[in-house]
2 protein chains.
Amino acid sequence: METRELRYFVAVAEELHFGRAASRLGIAQPPLSRAIQQIERHLGAVLLERTSRSVSLTEAGAVLLREARAALDAVEAAERRTRRAATGRPGLVLVAKAGASAELLAKLLDAYAAEPGAVAVDVQLCAIAEQERHLRDGRADVALLHRPFDSTVGLDTEELLTEGQVAVLPAGHPLTTRKSLTMAEVAEMPGLPLPRWPCPDGSYPSGPGPEVRDHAQLLQLIALGRAAAVLPESAWSQLRGDLAMVPVPDAPRVTTVIAWPPHSRSRAVAGLVHAASRL
Amino acid sequence: METRELRYFVAVAEELHFGRAASRLGIAQPPLSRAIQQIERHLGAVLLERTSRSVSLTEAGAVLLREARAALDAVEAAERRTRRAATGRPGLVLVAKAGASAELLAKLLDAYAAEPGAVAVDVQLCAIAEQERHLRDGRADVALLHRPFDSTVGLDTEELLTEGQVAVLPAGHPLTTRKSLTMAEVAEMPGLPLPRWPCPDGSYPSGPGPEVRDHAQLLQLIALGRAAAVLPESAWSQLRGDLAMVPVPDAPRVTTVIAWPPHSRSRAVAGLVHAASRL
DNA sequence: GCCCGTCGATACCGCACCGGTATCGGCTTT
DNA sequence: AAAGCCGATACCGGTGCGGTATCGACGGGC
């Protein structure tokens, strides 16, 4: 099967509408209909149930959607990594959540730079839940992830740090005088909803809190008195004067891990991981 | 990039000869030359150094070869898994090395069959080093692997059993009277070389021993007095009357694991792993 | 109840591109 | 110096992709 066909199928499966999928792909609708039929003939399977009013995935279609996304990521990764290898500069790209693990990251970069044979490390800060995708499609070589929030499925990892979490509140909030809080108390603070983080697919769960892409956004919203949050202790180093923190002992402990795609066995990645593992 | 292009590149990169690659692909040589040029133009990178006498991979070409193989596996897996999903029969395919972990496998299948909601399990026995590929290209859902021999990189795993290894010798061999042997002693037995196992790419390392694909082959060669081997203790259950075993305490311990592709989060796989984890 | 709008499928057509044959140009071998 | 091997180039024909036009089925509205 060709990647063109996979791209076409993914577009239709995501839009569940041939016309919209076609315009998203920049082609007309009829060739798209034909291409999907050809895929179905090739696989000997019905992938989409279609009436003139609705399009829906069959079970086989759902499987192909999941697998096709992975395959397209792999193809994209192949292109990107080849282009990067061709430039000759063997630099590493590391992604981390903007605003998270700042201290740890600094120590890691220092430690690695001191190693013999260290190469340049290009640090990219991205939105929550974006790092995994960057690793999978070849835009990055290594990532700092946070269990249990980020999925590390299919990646090789090394644990770096486990820590508890704290509630981050606007300075002057009544509860800032407390020595500790429970998750239940934090979740039910009137007027201070917890923010909504993006899901891996980029959508947001529904609920009362504000939609948030990274820590900087979040801290600003808290300072404005529009939200509260429960964050790893190390977020402390980022705290501005207009914020306060209170430990939340019953929040799940957070483990920061360094992760890399399993088959990228480059010297440079190994060196960085080695430096990380003995911080 | 299209999978056709990736296939073409892989063929040339493996053959390092345009003519042979073309005939392997079933096309003529000129279109292949053009296709490679087109890929190089598309990526903006030189992938192959060619003179009229030799073809060799550049560094970028080596990266693309590795990544392209992974990408093609992912595409193939997408097709296969979709076809399997379309049949409606939600059977699982489990691969194991022929002749290895026979007892464990039997217990596992029994335990899983007793679980509520168990589906049919299709057991495929294959050659050494083939299981990983079966998982990656969608021919199988789960595999029994043996660390440290098999690579589990990029797979999710659960440990099942760790055991020591024993030397397997022809019955009546002088050393069968010993209570134990060392690796060094086994490696240097005159006239009884250790066999050569295939590498992940299907080739064999060079050396004195016979080339061997699976345990049945190996045991027969040992019985014939043409080889000796060091195998996990559980191979004991397979031993015929014409073979003997002696413990080898300093051989690395072998861990049998059940492995599955990380993004295949099907109910059935989860059930099988669950059954396996509490054997 | 008829008309109209929506949406996927079909019909048909032109052109890009893939794959084929013929040939060239460079290099090695004898 | 001649011959052979091998990748690149030139050129050509056919497949198939993508386009426009249209059909047919289904719903909703006045």
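Not measured: the values here are computed from a predicted model. Reminder, nothing fancy here: chain letters follow the sequence lines and each chain counts from 1.
Within residues 15-24 of chain B, the residues that have a heavy atom under 4.0 Å from DNA chain D are, in order of number, B:His17, B:Phe18, B:Gly19.
Under the 4.5 Å side-chain criterion, counting only non-hydrogen atoms from C-beta, B:Leu64 is in contact with B:Leu43. Within the 4.5 Å cutoff, the side chain of B:Glu49 has no heavy atoms near those of the B:Val55 side chain. The shortest distance between side-chain heavy atoms of A:Glu132 and A:Asp150 does not fall below 4.5 Å.
Regarding contacts with the backbone of D:dC6, every side-chain N or O of B:Arg50 stays at 4.0 angstrom or more from both OP1 and OP2. Residue A:Thr51 places no side-chain N or O under 4.0 Å from the OP1 or OP2 atom of D:dC26. The phosphate of C:dA9 has OP1 or OP2 within less than 4.0 Å of a side-chain N or O from A:Ser33.
A salt bridge links B:Arg69 with B:Glu14; the closest basic N to acidic carboxylate O contact falls under 4.0 Å. Comment: B:Arg34 does not engage B:Glu40 in a salt bridge, judged by the lack of any side-chain N to carboxylate O separation of less than 4.0 angstrom.
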What is the per-nucleotide protein-contact pattern of nucleotides 15-26 of chain C, from the 5' end, where B denotes a base atom under 4.0 Å from a protein heavy atom, S denotes such proximity for sugar-phosphate atoms only, and - denotes neither? ---BBBBB---B
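Listed nucleotides C:dG8, D:dT9, C:dA9 differ in distance to B:Gln37; the shortest reach to its side chain belongs to D:dT9.
For B:Gln29 and B:Ser33, the side-chain atoms include at least one donor-acceptor pair closer than 3.5 Å. Neither side chain, A:His42 nor A:Glu5, offers a donor N or O lying under 3.5 Å from an acceptor on the other. When only modelled atom types and interatomic distance are considered, B:Arg83 and B:Thr87 share no side-chain donor-acceptor pair under 3.5 Å.
D:dC6 atom C1' lies 17 Å from atom CD of B:Glu49, rounded to whole Å. Going from atom NE2 of A:His42 over to atom C1' of D:dG16 covers 16 Å, rounded to whole Å. Per the geometry, CG belonging to A:Leu32 stands 12 Å off C1' belonging to C:dA9, to the nearest Å.
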